[in-house]
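The structure appears below as structure tokens.
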Amino acid sequence: DQQVKQNSPSLSVQEGRISILNCDYTNSMFDYFLWYKKYPAEGPTFLISISSIKDKNEDGRFTVFLNKSAKHLSLHIVPSQPGDSAVYFCAAWRSNDYKLSFGAGTTVTVRA
Amino acid sequence: DAGVIQSPRHEVTEMGQEVTLRCKPISGHDYLFWYRQTMMRGLELLIYFNNNVPIDDSGMPEDRFSAKMPNASFSTLKIQPSEPRDSAVYFCASSSDIQETQYFGPGTRLLVL
């Protein structure tokens, strides 16, 4: 049973516009959330994270928003660049066991 | 540091054959994780080790899968016998502590015919 869900398998966006990736989770015990980015033929790399005590975390062009009541988080990329074309994985863990649960990923394509 | 190293990068085998995937974690990292990526389920944690000791193998699909970590710089994931449904990309990751960032290897793409 997947506890972290990314319902959009793909997203296409114009260069310079905003990319919004969504993620939903079912386990209310998750207290830390992460986004990983993956290029073809490479392993995922950590991008940004947020603790459940916050509702927003920003790092340059990347901002993650957390809505705990809705069990929903999103990643905003502004402005989108061609190098952002990749697969983005949402992940979550509980601080009692720190096991990462990943979503299925969203493939982002940034059009020039 | 060279990062997490995995071998082979690609493996094609026939159903029933034994498959062994290898991983060298980042030096000094005490935690090692094995993941499997499929289109439908994304990344699934199979097993993780702390200081070479398996801590949680609840994600291992069945007895055909086994993992070992004989020393701090080497781990294997073995599938015996392999089946077509095992076809996936298998990632190894390591971290310095359980709550620290996990660094992933490039993955092994396995195809079982």
Side-chain angles (χ1 to χ4, degrees), chain A residues 1-10 21-27 29-53 57 59 62 64 75 86-108, chain B residues 1-11 21-26 29-50 54-61 88-110:
Chain A
D1 179 34
Q2 253 188 312
Q3 301 183 68
V4 178
K5 298 179 182 179
Q6 294 176 257
N7 293 320
S8 297
S10 63
L21 292 81
N22 295 303
C23 177
D24 298 293
Y25 60 96
T26 58
N27 191 332
M29 298 299 290
F30 286 139
D31 50 16
Y32 201 73
F33 304 89
L34 308 90
W35 286 93
Y36 277 78
K37 178 179 179 180
K38 181 186 175 308
Y39 291 117
E42 295 182 10
T45 56
F46 170 75
L47 184 60
I48 192 169
S49 63
I50 188 167
S51 165
S52 61
I53 62 173
N57 187 29
D59 183 2
F62 302 91
V64 56
L75 174 68
V87 178
Y88 290 80
F89 290 98
C90 174
W93 72 28
R94 305 177 293 269
S95 55
N96 62 343
D97 65 14
Y98 293 105
K99 284 167 56 175
L100 269 179
S101 295
F102 282 88
T106 297
T107 300
V108 172
Chain B
D1 198 317
V4 176
I5 299 173
Q6 290 186 247
S7 65
R9 293 295 308 273
H10 303 272
E11 177 80 28
L21 311 180
R22 298 173 177 79
C23 175
K24 178 177 172 18
I26 292 173
H29 281 189
D30 292 333
Y31 286 82
L32 183 141
F33 307 82
W34 281 101
Y35 290 89
R36 177 171 67 176
Q37 182 194 4
T38 59
M39 290 293 291
M40 292 303 297
R41 300 184 64 81
L43 279 162
E44 300 174 279
L45 177 65
L46 301 177
I47 185 171
Y48 78 92
F49 295 82
N50 175 29
I55 301 301
D56 188 332
D57 65 353
S58 60
M60 296 285 263
V89 182
Y90 291 81
F91 289 101
C92 175
S94 70
S95 65
S96 58
D97 204 342
I98 188 61
Q99 73 268 38
E100 295 296 326
T101 299
Q102 293 181 23
Y103 293 85
F104 284 75
T108 295
R109 185 172 295 274
L110 173 65

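Note that the structure is predicted; figures quoted are calculated from it, not measured. Note on naming: letters A, B, ... go to the chains in the order of the sequence lines (proteins, then strands), and numbering restarts at 1 for each one.
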Sub-4.5 Å side-chain heavy-atom contact between Tyr48(B) and Lys99(A): yes
What one should report as the nearest heavy-atom pair of Phe91(B) and Lys38(A) is CZ-CE, 3.3 Å
For Leu45(B) and Leu100(A) the tightest heavy-atom approach is CB-O, 4.3 Å
Ranking Tyr32(A), Tyr36(A), Tyr39(A) by heavy-atom pairs under 4.5 Å to chain B gives rank one to Tyr36(A)
Highest number of heavy-atom pairs under 4.5 Å with chain A among Gly107(B), Cys92(B), Gly42(B) belongs to Gly42(B)
Honestly, the part of Arg109(B) sitting under 4.5 Å from a heavy atom of chain A is neither
Residue from Arg9(B), Glu44(B), Gln6(B) scoring the most non-hydrogen pairs under 4.5 Å with chain A is Arg9(B)
Sequence neighbours excluded, the answer for side chain to side chain contact (heavy atoms under 4.5 Å, CB included) partners of Ala93(B) is Phe33(B), Tyr35(B), Gln102(B), Phe104(B)
Applying a strict 4.5 Å limit to non-hydrogen atoms, the region of Thr108(B) in contact with chain A is neither
What one should report as the nearest heavy-atom pair of Phe89(A) and Gln37(B) is CZ-NE2, 3.4 Å
Honestly, the part of Tyr103(B) sitting under 4.5 Å from a heavy atom of chain A is neither
Sorted by chain and residue number, the salt bridge (charged side-chain N to carboxylate O under 4.0 Å, His left out) partners of Asp30(B) (sequence neighbours excluded) come out as none
Interface check, chain B: of Ala91(A), Ala41(A), Gly105(A), most non-hydrogen pairs under 4.5 Å belong to Ala41(A)
